[in-house]
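Down below is the structure, laid out as structure tokens.
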Amino acid sequence: MFFKKRQPKNQIQLEIDMTRIPNHVAIIMDGNGRWAKARNLPRISGHQRGMEVVKTITKAASDLGVKVLTLYAFSTENWKRPEDEVSFLMKLPGKFFDTFVPELIANNVQVRVMGYVEQLPKDTQASVKAAIEQTAQNTGMILNFALNYGGRAEIVSGVQTIAAAVAAGQMHPSDINEEIISQSLMTSSLGEYADPDVLIRTSGEERLSNFLLWQMAYSEMVFLDEHWPEMDGEALKKALLIYQSRHRRFGGLAENMSDKK
Ligand code: IPE
Ligand code: IPE
Ligand code: MG
């Protein structure tokens, strides 16, 4: 028979507090190319391995009770890459969903996609659409892929929608407020979870690279040295422990906000 030792007070938190899991976790999955290069492999091997890691992290986040997991898979700037790399990246959603939809359904995960989907190759669009439809009845974690997404482009599109409503006389300029702008963005369907609680970026880079610019006004930022293909459930937990060590204040005072998520 084993007895659990009681943890002394003031000890650094080593275990995740399951009552303070962030609702919306956003991840910039970076470092696939460098991971491959360090192993003398072509960059696409890093993307292939990265796709397997998406499965692991999706399962781990869903098991932890995350409500929305947003993964930056392809930016509006990634078209600048060599054609063969772009074309491999465009095939990944198909490969991913072909093998993983049954498991997503078993885990009650709903797939969503955010970005300029209509600019993707037709077969990529078809794979994405099928996965969204096949998981639409699920009620668990939302797995939200940012695919051909860019934060500035998203804001431009939102502003155009609002300007059109003003020009049509449906809205007065003084009606425009933060709520209206949030609703004009691609995260609006996430409702109360539209803004990430935490951004995780792998591979040691510490920048946003045009990800969720409006939505991350008060997100906690966690930068990990691991390349994306090296991530696993434990590394995700490490990132969430760092998040849980932070005191979110939202401009207020820490003592009033300690329970605020
Ligand atoms: C992230 O890994 C995947 C995408 C951007 C599609 P990278 O391909 O950016 O890998 P590095 O940053 O070059 O190592
Ligand atoms: C951001 O990574 C985009 C994705 C992870 C999809 P990048 O590798 O494209 O970003 P930069 O170029 O290093 O800023
Ligand atoms: Mg990169």
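When a ligand or atom number is given, it counts from 1 through the structure's own listing order.
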Plane angle bin for Tyr72 and Tyr149 - parallel if under 30°, tilted between 30 and 60°, otherwise perpendicular: perpendicular
Aromatic ring proximity Phe145/Phe96, centre distance under 6.0 Å: yes
Numbered atoms and elements of ligand 1 in range of His47, under 4.0 angstrom, heavy atoms: 3 (C), 8 (O)
Side-chain atoms of residues 62-71: list all donor-acceptor pairs with protein atoms under 3.5 Å, sequence neighbours left out, distances to 0.1 Å.
unit_1: Asp63; atom_1: OD2; unit_2: Lys59; atom_2: NZ; d: 2.9
unit_1: Thr70; atom_1: OG1; unit_2: His24; atom_2: NE2; d: 2.7
unit_1: Thr70; atom_1: OG1; unit_2: Asn144; atom_2: ND2; d: 3.1

Heavy-atom gap Lys37 to ligand 1 smaller than 4.0 Å: no
Sub-3.5 Å N/O-N/O distance, Arg43 and ligand 1: yes
N, O or S of Asp30 under 2.8 Å from the Mg ion (ligand 3): yes
Heavy atoms of other groups near Lys55 NZ, more than 12 under 6.0 Å: yes
Pair Tyr116-Ser157, side-chain hydrogen bond (donor to acceptor under 3.5 Å, both in side chains): steps then yes or no: CA-CA 10 Å; Tyr116 295 91; Ser157 300; 2.5 Å; yes
Phe97 and its side chain to side chain contact (heavy atoms under 4.5 Å, CB included) partner, picked from Val111, Ile132, Leu92, Thr135: Val111
Where does ligand 2 get N/O contacts under 3.5 Å from the protein, atom by atom?
unit_1: ligand 2; atom_1: 8 (O); unit_2: Asp30; atom_2: OD1; d: 3.2
unit_1: ligand 2; atom_1: 8 (O); unit_2: Arg81; atom_2: NH2; d: 3.2
unit_1: ligand 2; atom_1: 9 (O); unit_2: Asn78; atom_2: ND2; d: 2.9
unit_1: ligand 2; atom_1: 9 (O); unit_2: Arg81; atom_2: NH2; d: 3.3
unit_1: ligand 2; atom_1: 10 (O); unit_2: Arg201; atom_2: NH2; d: 3.4
unit_1: ligand 2; atom_1: 10 (O); unit_2: Ser209; atom_2: OG; d: 3.3
unit_1: ligand 2; atom_1: 13 (O); unit_2: Arg207; atom_2: NH2; d: 2.8
unit_1: ligand 2; atom_1: 14 (O); unit_2: Arg207; atom_2: NE; d: 2.9
unit_1: ligand 2; atom_1: 14 (O); unit_2: Ser209; atom_2: OG; d: 2.6

Pair Asn78-Ser75, side-chain hydrogen bond (donor to acceptor under 3.5 Å, both in side chains): steps then yes or no: CA-CA 5 Å; Asn78 286 147; Ser75 77; 3.2 Å; yes
Check against side chain to side chain contact (heavy atoms under 4.5 Å, CB included), Ile142 and Leu190: CA-CA 9 Å; Ile142 293 173; Leu190 300 172; 4.0 Å; yes
